[in-house]
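Please read the structure below before turning to the comments.
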There are 2 protein chains.
Amino acid sequence: MTGSLTIGTLAKQAAVNVETIRFYQRRRLLDEPDKPPGGIRRYTQTHARRIRFIKEAQKLGFGLDEVADLLALEDGRHCREVEEIAGHKLAVVRERMTQLSKIEKLLVVLVGRCHGNSGKVRCPLIASLESATA
Amino acid sequence: MTGSLTIGTLAKQAAVNVETIRFYQRRRLLDEPDKPPGGIRRYTQTHARRIRFIKEAQKLGFGLDEVADLLALEDGRHCREVEEIAGHKLAVVRERMTQLSKIEKLLVVLVGRCHGNSGKVRCPLIASLESATA
DNA sequence: ATTGACTCCGTACTTAAGTACGGGGATAGA
DNA sequence: TCTATCCCCGTACTTAAGTACGGAGTCAAT
């Protein structure tokens, strides 16, 4: 049955180390299912999804504390909290997208300029990001 | 004159710790100006810009090794290298933008749904990211 | 000429995020 | 049944990215 995983298979499904799962549990990012007396814990696809979410969010530059904020939203919160957390994250996310799109444009230009050429190229990558940074 | 900084003022301008600058120099992310015999090194705005760039790139989820790749582009490279590095980074950047925009949409929905409401809200944040992840 | 702030450099410590290890228990297949 | 493989849990180690520390030299203003 695909609805009941041991920690090992969960780890495989979510493509992380078993120890990482236990680490997330300690950090309260992932709940620890009750242990059947004298036994082995069972996990679900919900756990797997949450782990993958954590990993994705990390790639986007969020630290585990920030990921915890995001997960708090997922877990259901009162509106005032939601507005505060979500509003703040929204600003962060948008800022990041802006910066990324600047880098993206520059990379595109660079690759294009380069195509079929075999000399040296130099690009104003930094300057361009800067104009937004200032 | 604004064109000649000591490491201390450079640190202030770039909003980092002096030690961080020295650390970046060790990591070859930032060049170390020649030391006038028996003396104190002088930095320029170019250094400050580069440091700010490093910091921005980090916020976007790039590690220092990846930042080094980006800086290699800035520093001028042969076309084959540029196409390789830039092309690869471009894919990464686009992937990140996609993920961010998913999170963004969800946050917007969440905040909107919440507005003027005072109960509890729950959101399918994870599920949405997931659909892209899979 | 002296003092206070700053630089230089090497070494060591810290924080975040894992990873690894090891003893002891459970469990499933030969 | 026995043995291999996996789980549980605590403790300790690792890696990336800084930060801090301390002694010795330097510079600028008093």
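So you know, we letter chains A, B, ... as the sequences are listed, proteins then strands, and number each from 1.
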Work out which heavy atom in B:A86 is nearest to a heavy atom in A:V111; give both atom names and the distance. CB-CG2, 3.5 Å
Contact under 4.0 Å: A:K59 side-chain N or O vs C:dA17 OP1/OP2: no
Heavy-atom distance under 4.5 Å between the side chains of A:F53 and A:L71, does that happen here? yes
Return the 5'-most residue of the pair B:K12, B:R41 with respect to DNA chain C, ranking by each residue's nearest nucleotide. B:K12
I want to check one thing: is the phosphate of D:dC7, taken as OP1 and OP2, less than 4.0 Å away from some side-chain N or O of A:T6? yes
Assess whether atom CZ of A:R28 is packed by more than 12 heavy atoms of other residues, nucleotides or ligands within 6.0 Å. no
Under a 4.5 Å cut-off applied to non-hydrogen side-chain atoms, are B:Y43 and B:I7 in contact? yes
For a quick check, with a 4.0 angstrom heavy-atom cut-off, what is the B/S/- contact string for nucleotides 22-30 of chain D, read 5' to 3'? ----SS---
Between B:R96 (side chain only) and B:L60 (backbone N and O only), is there a donor and an acceptor less than 3.5 Å apart? yes
Taking five pairs at each terminus, the helix from C:dA1-D:dT30 to C:dA30-D:dT1 shows an axis bend, to 10°, of 10°
Think B:K35 has a side-chain N or O under 4.0 angstrom from the OP1 or OP2 of C:dT7? no
Nearest-Å distance, CG (A:L64) to C1' (C:dA16)? 8 Å
Considering only heavy atoms from C-beta outward, does the side chain of B:Q99 approach that of A:K59 to under 4.5 Å? no
May I ask you to decide if B:V16's main-chain N or O and B:T20's side chain share a donor-acceptor pair within less than 3.5 Å? no
Below 4.0 Å: OP1/OP2 of D:dT19 and any side-chain N or O of B:T20: yes
Please give, in whole Å, the distance from D:dA20 C1' to B:I21 CD1? 16 Å
Is there a residue in residues 22-32 of chain A whose heavy atoms reach under 4.0 Å of DNA chain D, and which residues are they? A:R22, A:E32
So, are A:K89 and A:E66 salt-bridged, with charged N and O less than 4.0 Å apart? yes
d(NE2, A:H47; P, D:dC7) in whole Å: 15 Å
Are B:V92 and B:M97 connected, step by step, through hydrophobic side chains (Ile, Leu, Val, Met, Phe, Trp, Tyr) whose heavy atoms are closer than 4.5 Å? yes
Do A:R41 and A:D31 sit within salt-bridge range, that is, some charged N less than 4.0 Å from a carboxylate O? no
Output the rounded distance in Å from CG (A:N17) to P (C:dT19). 6 Å
Between A:L5 (CG) and C:dT27 (C1'), how many Å, whole number? 17 Å
Within the side chain of A:R52, is there an N or O that forms a donor-acceptor pair under 3.5 Å with the backbone of A:A15? no
Test log, rule side chain to side chain donor-acceptor pair (under 3.5 Å), inputs B:Q58 and B:K55: CA-CA 5 Å; B:Q58 280 186 304; B:K55 284 295 170 193; 3.3 Å; yes
Expressed in angstrom and rounded to an integer, what is the separation of A:I54 atom CD1 from C:dG18 atom P? 9 Å
May I ask you to evaluate whether B:Q58 reaches the phosphate of D:dG18, defined as a side-chain N or O under 4.0 Å from OP1 or OP2? yes
